[in-house]
Structures are given as C-alpha cells and as structure tokens.
Amino acid sequence: MTTFTSPTNTGRRRPFSRPFNWRRAIALTLLTLAIAVSILPFYWVLRTALSSNGSLAANSANLLPADFNLGAFKRVFGLQTASEAIAEGGSGASINFWQYLWNSLLFAGITTACAVFFSSMAAYAFSRLRWKGRDAVFSLFLATMLVPPIFTALPNFLLVKNLGLLNSMLGLVLPYLFMTPFAIFFMRQFFLNMSREVEEAAMLDGAKHWRIFFQIIMPNAAAPIATLALLTFMGQWNEYFWPLLVGTSEESRVLTVGLGVFKSQSPQGAPDWSGLMAATLVSATPVLILFAIFGKRIVNSIGFNGTK
C-alpha cells in the first residue's frame, strides 16, 4: 500500500514590514497638534460653562470643570433668579436669550435666502448672457471684495437712519439683501462649467431665459447653492459690527451683540464667565450642527465641478 504525504513547508514566512517613514510620522504629529490646538478653545468653553463661577479663579489651571454644575445654562435659559445666580457666583445680570436667538435666526435666514437667490441670478447673467462690457463690469464688481466692510458701514448706517429703519429687522438685513461679490463669483464659476447642451435644446423649443434659469440651472446647481447658503448663514450668524450699530434695542438685538451686552453687565464687579461661556456654547451649536451635516458637501463643492 502506497501512501502519499504532502510536502510541508518547514520555513516560516516573515510578515511584511513597511520601513518606518519619518516624514509620515512628523506629518501625523503636526496634524495631531493642529487638531488639538483647534479643539482646545472649544473644550475650554465647555469646561468653563460647566464650572461654578465662584470656583473658576481658584481652579484656573485645572483641566476639569471646577465645582461641576449646570447653573450657567440655567441662567442662560432664564431658569434662575438674580439672587440664585449671585449665590452661585454669577453677576446677577440677565440675558433675553430666546429673543436674541430668534432675532439671529431671522437676520441670518433672511439675508441668506435673499443673497443666494439674487447672487445666483447675477451669476447667471455674467456667465450665460452676452452683453457689451460684461467682463469689465464683472471685474469691477469683483474688485469691491478688496474694500474693507468698515468703509461702507458709515454710509449704510446714515442711509438706514435717514430711512427711519434703526432698531428694526429691515434695517439689519437691508445691506445684505441683494448680492455679494464672493457669492456671485462662486456661482459664476459653477455655471461656467455646466454643459450648455440642455440649455440650447430648451432655447430651440422656445424657452426663455427665466424658464431656463428656474427649471434647468437652479435644479442642477442644488449642491453649490446649498454650500453657498451654508457659508452665508455661518457668516451672517457671526456678524457683530453692523447689528451693533443698527440694533440697539432689546427687540432688534441679535445674539452676538447680546453676548457682548451680557458680558458688560457686571453688578457684582466681575463678569459671569461661566454664564457667558454657556451662552456662547449654545449660540454656536446651530452652526456646528449645520457644518457637521453639510461639511462634506462644502468640501466637494469648493472644486467648482459643474458636470452632472
């Protein structure tokens, strides 16, 4: 009887080992440090908001919350009286958080919707319509991006004042209603990369520019429009100087200005740092949520790829 034995490999295969890459290690180290430096301010805001205001000075170097409590958030949402706030180390100042939040939502929402719509129309005119001096007008309009906003603040303020629109939502949104150079440039670059075949076919069927814009251009530009809307909303949400000039009353004050007023109200001689950080954290939450949801779309749309 013959038996067959399979040959056995007595040698062991060494696992594949990649040589150590110093450049990659240094790059990862620098990237980790950059991420840590970026996250540290947000963590410090959270740490201060969760601390007792009276214990912050004594535990200024501690990385953990000092005397952990949620009193700062209660003060922000109006769930504490002035005496309770002072007992927890607060200043006793009040903040009309919900009114300021509503004003910020109106201000950012209205300006974003109008700026994106009118900027898209202007970008379509600069990219698709043929008229004399189009490129010269676009270059001149784009050059206004070099003008600092502080130069136009005083003329806009005098205009709003003469119109009697101070301390009103219309006065707040009026300078931002129509279009911005960056928004027009952003949308124009996308429209230039879009295929014109569908538009030419629509023109042969008798479609006018209005119909082409609303039924062909706008649906195909959903991604860059959403990106531009998010960028505009974030910028308007953080706007401070113009709302400070125009919205001085309680009914027209936005959240960024309200936080500054809350910091300056110090009946006990020191700002309510834990309450201020809690209000700052809550006010930044909507923008952080939007960026977390649409952040990938922003990165993808910055490439101005209009092929569909």
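Reckoned from all heavy atoms, side chains included, excluding hydrogens, waters and symmetry mates.
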Value rounded to 0.5 Å, distance of CZ in Arg134 from NZ in Lys132: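 Rounded to the nearest 0.5 Å, the CZ-NZ separation comes out at 14.5 Å.
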Separation of Gln99 CD from Asn103 CG (nearest 0.5 Å):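 Going from CG on Asn103 over to CD on Gln99, the span is 4.5 Å.
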Parallel, tilted or perpendicular, as decided by the 30° and 60° cut-offs, for the rings of Trp210 and Phe214: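 If you compare the ring of Phe214 with that of Trp210, the planes turn out parallel.
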Aromatic ring pairing Tyr124/His209, orientation class (parallel under 30°, perpendicular over 60°, tilted between):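 Judged by the thresholds at 30° and 60°, the geometry between Tyr124 and His209 is perpendicular.
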Taking [X] for its side chain and [Y] for its backbone only, find out whether a donor-acceptor pair lies under 3.5 Å.
X	Y	answer
Thr232	Ala229	no
Trp237	Ala284	no
Thr152	Pro149	yes
Asn167	Ser249	yes

Which heavy-atom pair separates [X] from [Y] by the least distance, and what is that distance?
X	Y	value
Ala221	Phe191	CB-CE2, 3.9 Å
Leu281	Leu46	CD2-CD1, 3.6 Å
Ser168	Ser252	N-CB, 4.1 Å

Qualifying residues under ring-ring contact (aromatic ring centres under 6.0 Å, His included), relative to Phe126, sequence neighbours excluded: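 Trp131, Phe138.
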Residue pairs passing the ring pair (Phe, Tyr, Trp, His ring centres under 6.0 Å) test where at least one lies in residues 28-53, sequence neighbours excluded: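 Non-adjacent pairs meeting ring pair (Phe, Tyr, Trp, His ring centres under 6.0 Å): zero.
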